[in-house]
S.K.: 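Shown below is the structure under consideration.
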Amino acid sequence: MRPLGLAVALSLACALVACSNAPGDDAPLAAEAAGEAGSPWPEVSWPLAEDPAIEARIQALLADMSVEEKVGQLIQGDISTITPDDVRTYHIGSVLAGGNSDPGGRYDASPADWLALADAFHEASMDTADGGHAIPVIFGIDAVHGQSNIVGATLFPHNIGLGATRDAELMRRIGRVTAIETRVTGMEWAFAPTVAVPQDDRWGRTYEGYSESPEVVAEFAPAVVEGLQGKVGDEDFLDDAHVIVSVKHFLGDGGTTAGKDQGDTAVDEATLARVHGAGYPPAIAAGAQSVMASFNSWNGEKMHGNRYLLTDVLKDRMQFGGFVVGDWNGHGQVQGCSNEDCPASINAGLDMPMAPDSWKGMYENTLAAVKSGGIATERLDDAVARILRVKMRLGLFEAGKPSERALGGKFELLGAPEHREVAREAVRESLVLLKNNGGVLPLSPKQRILVAGDGAHNMTKQAGGWTLNWQGTGTRREDFPNATTIFEGIRDQARAAGGEAVLSVDGHYEARPDVAVVVFGEDPYAEFQGDIPNLLYRNGDTTDLDLLKRLKADGIPVVSVFISGRPLWVNREINASDAFVAAWLPGSEGEGVADVLLRDAGGEVQHDFEGTLSFSWPRTAVQYANNVGQEGYDPQFAFGHGLTYASPEELAPLPEEAGVDAGGGQRGLWFARGTPALGVMHAFEGTDGGQQSIHDLPAALPDGSLRMTAVDHGAQESARRIEWAGAGAWRLELNTPTDISRESNGDLTLQFEARVDDSPEGEATLGIGCGDGCGGEVAIGNLLRSLPGGEWTTLAVPLECLATAGADMTKVAMPARLASDGPMVLSVAKVSLESANAAAHTLDCTR
Ligand code: BGC
Ligand code: BGC
């Protein structure tokens, strides 16, 4: 299994030509720590001595447990599909709450509902009525920036912002607060920290990483682990004010080709260890109790099936003494496996498959494999023992139900003032000042400040993904009772100092402001839904740029505050601003921004900027994998850059060559995985012809005639459900009109991957628009009615039909417009140009 030959060959090759993904030789960590010659993996010493009492107890249990109980112990199901009764019946060892899984299916379920659910699972696991053993279930949740699934929790900046603080001591305090708030609602396990070292900023999970630099990640990892778990040797280590961690995702998650989520990390072993592995040795040395296997492959082999890395490297060489949990059906991606069946993964070293909706099949098939010898008893016992050991170290057997533990139900601790103070400090330290010409910052709070931009008063945007739900979309201001938006922070401080801050999202004003603070940036996303083809901000949509320019043209000094989960190419926006601040995804404490931007009432600077880039800022929109230490390193703003008030600097205008065309996405792909493709926007059109572009979900026209929500198709939230309550249209629009006359001259069709949830009673049409008064449409009501309802299928309209109906294919501005004159419900995953034979149902417009 051990790919030694390959590794040696690759590292030789790397010595001759620079390996594209490898930071320079001065990345010291693994090189120094590497032990025995030839192995790039450092030896680690597990910090916890064997506890004879625990070991005796484990042996006694193992000797007495049925094989069914043992297998149940390995399985983790998701609360959306597993019930307390299932836990009781199958002796399930663990449950999780995935990003979209909540008590009662409500993303805004109350903390009390969460705690009651945790109690119910615990009690079920301790029920011995069927003669089984009482083994407490362990409940895991993505407390990745605070206990971020729970209304009212303190929300810390996402890791990309924390990386900019370079403050490991602060990470310890953040971990501590997160552990406390997690315990309040009954969970004992945070699926954190992410120690990915993202190398390509197109990756949708870039913001979950602290830095592109393995050194920063290696410094932070043990601090966060100790914050969440407590420090090995201290009295309070793993006590009931702490939780266990999952250091994730092992291994190579941040190194996939082109930043594709769940993709392949094609690097040599030395790079894998030195760059992507950097966080693990220090986290293990700090006593990390679990590690999560990664979705990605390493040189073509899925990590969930990689015995060499999961067992030989992680458990043997690094002496990891906790257990390995899988990622969301990650085992199902191993060759020869399915979500319900994967002995290979357990044999490779996975101790607890995360089988959210597949737990029952996994239980049955794992049991069968154990009985047939497909999984050896020693492996089974080792996995069970590892899980039991962690539960015993945590004192879970004696802890009682979650609501009876020290912090259970102390809801006043969610968003407690002293917790929010830590988060506010983190916001202050995370801000990176990229431009401050003419010393426009810091601002006097005594002036009239216009606060503009769609991020100014927008908790959804400020908090980013993994907030109350998986994608972090569709939340409302009132879902964040203990929080301040960036605008509110500025408003309060200005008001207290005798000045005035006025909110105007679109930047229009009546009384002329002295200065404008414009807050704009990315909308929330998580995982693969955040993957992008290049770093062009908003696909070249210039709405924000236009706002900055308009204010500048009015002679108003402009301060930009940019919200983003990664560095993006914004040279034009920077040029249009007097000052530019990278604020990342700050979380609940928007006032931390005012703390740095505004002087105090007496005219003194409150806090200078301390943040420095932990990711290099790109010079063009195609410079997505240019990382510190690499050959040819040439960013716009280097790793470590960040201006301060103490040493002012002027920034000359930046080049405005993006290196990529706006709207230059994949040809003929307009809408995919439920989102508009690069260079495409989507909008609703009401009966009055008025239109409203769609950003956050759910989206609806004010009169309720059209509504859009996210639905699943293969992957979570990868399609959109569109409900027509009355007449109206859903349309896709291109930022730059395109010529598809070549495509039209053949058998190409406009194809929808869709599901008819409710077929139209009246007429429905599909059209293509080519500017004012130009377009063609065809009736598709009969086609829709002929489709199997409630099933995903493909339907297509030949481009030729649309051309005949009047669409000028040389200047297509609206590649699809779907209209209905009455109620209909359609879910759409993809809209693209495809050849005629690709569709299950094609309109015959010749009849
Ligand atoms: C993510 C993990 C997360 C898990 C549980 C997965 O899709 O990759 O980071 O912990 O889901 O929500
Ligand atoms: C989970 C994620 C998972 C996703 C994919 C979400 O509900 O929280 O962790 O990756 O579903 O299906």
Side-chain angles (χ1 to χ4, degrees), residues 75-82 94-102 107 114 138-150 158-160 178 182 187-198 203-210 224 228 243-256 259-263 265 276 279 283 288-297 302-304 323-333 339 350 352-359 464-472 525-531 565 673 712 714-718:
I75 305 291
Q76 182 180 60
D78 183 88
I79 61 161
S80 60
T81 35
I82 201 165
S94 178
V95 295
L96 88 142
N100 280 340
S101 311
D102 312 271
Y107 78 89
W114 282 99
I138 186 165
F139 192 155
I141 192 161
D142 290 291
V144 295
H145 64 133
Q147 169 61 317
S148 45
N149 271 288
I150 314 289
H158 270 293
N159 289 349
I160 193 169
T178 302
T182 302
M187 297 88 202
E188 309 93 352
W189 183 2
F191 296 138
T194 297
V195 298
V197 186
W203 188 34
R205 306 192 78 160
T206 299
Y207 68 86
E208 296 188 57
Y210 297 109
V224 183
L228 287 161
V243 295
I244 67 158
V245 299
S246 263
V247 190
K248 70 189 191 183
H249 307 80
F250 188 84
L251 187 64
D253 49 356
T256 58
K260 185 177 168 354
D261 193 41
Q262 307 190 7
T265 295
H276 304 287
Q289 297 292 304
S290 90
V291 162
M292 187 182 290
S294 191
F295 276 125
N296 66 275
S297 323
K302 281 284 169 184
M303 276 305 306
H304 277 68
F323 66 87
V324 178
V325 65
D327 202 347
W328 192 271
N329 281 327
H331 55 269
Q333 298 185 13
N339 291 354
L350 187 78
M352 181 187 282
M354 184 185 287
D357 49 353
S358 50
W359 61 269
W466 298 107
T467 305
L468 300 188
N469 62 53
W470 181 36
Q471 295 294 317
Y525 49 81
E527 302 192 44
F528 53 86
Q529 297 214 25
D531 287 358
R673 295 188 308 203
D712 299 357
Q716 198 105 356
E717 295 193 9
S718 54

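Both ligands and their constituent atoms are indexed starting at 1 by order of listing. Note that this is a predicted model, so its numbers are computed, not measured.
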S.K.: Pick one of side chain, backbone, both or neither for how Thr194 approaches ligand 1, counting any non-hydrogen atom pair under 4.0 Å.
M.R.: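 No part of Thr194 comes within reach of ligand 1.
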S.K.: Check Phe191 against Val144 and note the closest heavy-atom contact, atom names and distance.
M.R.: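 So the two residues come closest at O-CG1, 3.5 Å.
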S.K.: In terms of atom number and element, which parts of ligand 1 are under 4.0 angstrom from non-hydrogen atoms of Phe191?
M.R.: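 What qualifies from ligand 1 is 10 (O).
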S.K.: Looking only at non-hydrogen atoms, which of Leu96, Asp327, Asn100, Asn329 approaches atom 4 (C) of ligand 1 most closely?
M.R.: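 Nearest option to atom 4 (C) of ligand 1, by heavy atoms: Asp327.
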S.K.: Which residues satisfy the side chain to side chain donor-acceptor pair (under 3.5 Å) test with Thr81, sequence neighbours excluded?
M.R.: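 Not a single residue meets the side chain to side chain donor-acceptor pair (under 3.5 Å) criterion with Thr81.
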S.K.: Below 4.0 Å, non-hydrogen atoms only: which portion of Phe295 touches ligand 1? Side chain, backbone, both or neither.
M.R.: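 It is the side chain that touches ligand 1; the backbone stays farther off.
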S.K.: Which of the numbered atoms in ligand 1 are under 4.0 angstrom from any heavy atom belonging to Trp328?
M.R.: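 Counting atoms of ligand 1 from 1, those under 4.0 Å from Trp328 are 6 (C), 7 (O), 11 (O).
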S.K.: Does Glu208 have a heavy atom less than 4.0 Å from any atom of ligand 1?
M.R.: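 Flag not set, Glu208 not near ligand 1.
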S.K.: With atoms numbered from 1 as shown, which atoms in ligand 1 lie under 4.0 angstrom from a non-hydrogen atom of Lys248?
M.R.: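 Every atom of ligand 1 under 4.0 Å from some heavy atom of Lys248: 2 (C), 3 (C), 9 (O), 10 (O).
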S.K.: Which heavy-atom pair separates Ile138 from Ile244 by the least distance, and what is that distance?
M.R.: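 Looking at all heavy atoms of both residues, the shortest contact is CD1-CD1, 3.7 Å.
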S.K.: Short list, please: which atoms of ligand 1 are under 4.0 Å from a heavy atom of His249?
M.R.: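 In order of numbering, the contacting atoms are 2 (C), 8 (O), 9 (O).
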S.K.: Return yes or no for this condition: an N or O of Trp466 is under 3.5 Å from an N or O of ligand 1.
M.R.: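 Min N/O separation from ligand 1 is not below 3.5 Å for Trp466.
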S.K.: Measure the spacing between CD of Gln529 and CG of Asp531 and express it to the nearest 0.5 Å.
M.R.: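 Gln529 CD to Asp531 CG: 9.5 Å, rounded to 0.5 Å.
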S.K.: Which distance, rounded to the nearest 0.5 Å, do you find between the CG of Asn469 and the CD of Gln471?
M.R.: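 One gets 7.5 Å once the value is rounded to the nearest 0.5 Å.
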S.K.: If you measure from NE2 on His158 to OG1 on Thr206, what distance do you get to the nearest 0.5 Å?
M.R.: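 These two atoms lie 12.5 Å from each other.
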S.K.: Would you mind telling me if ligand 1 is within reach of the side chain of Arg205, the backbone, both or neither, using heavy atoms under 4.0 Å?
M.R.: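 Near ligand 1, Arg205 shows its side chain, while the N, CA, C and O stay back.
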S.K.: Consider every N or O of Asp142 and every N or O of ligand 1, then say whether any pair is closer than 3.5 Å.
M.R.: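 Min N/O separation from ligand 1 is below 3.5 Å for Asp142.
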S.K.: Answer yes if the side chains of Ser358 and Asn329 hold a donor-acceptor pair under 3.5 Å, and no otherwise.
M.R.: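 Per modelled atom types, Ser358 and Asn329 side chains form a pair under 3.5 Å.
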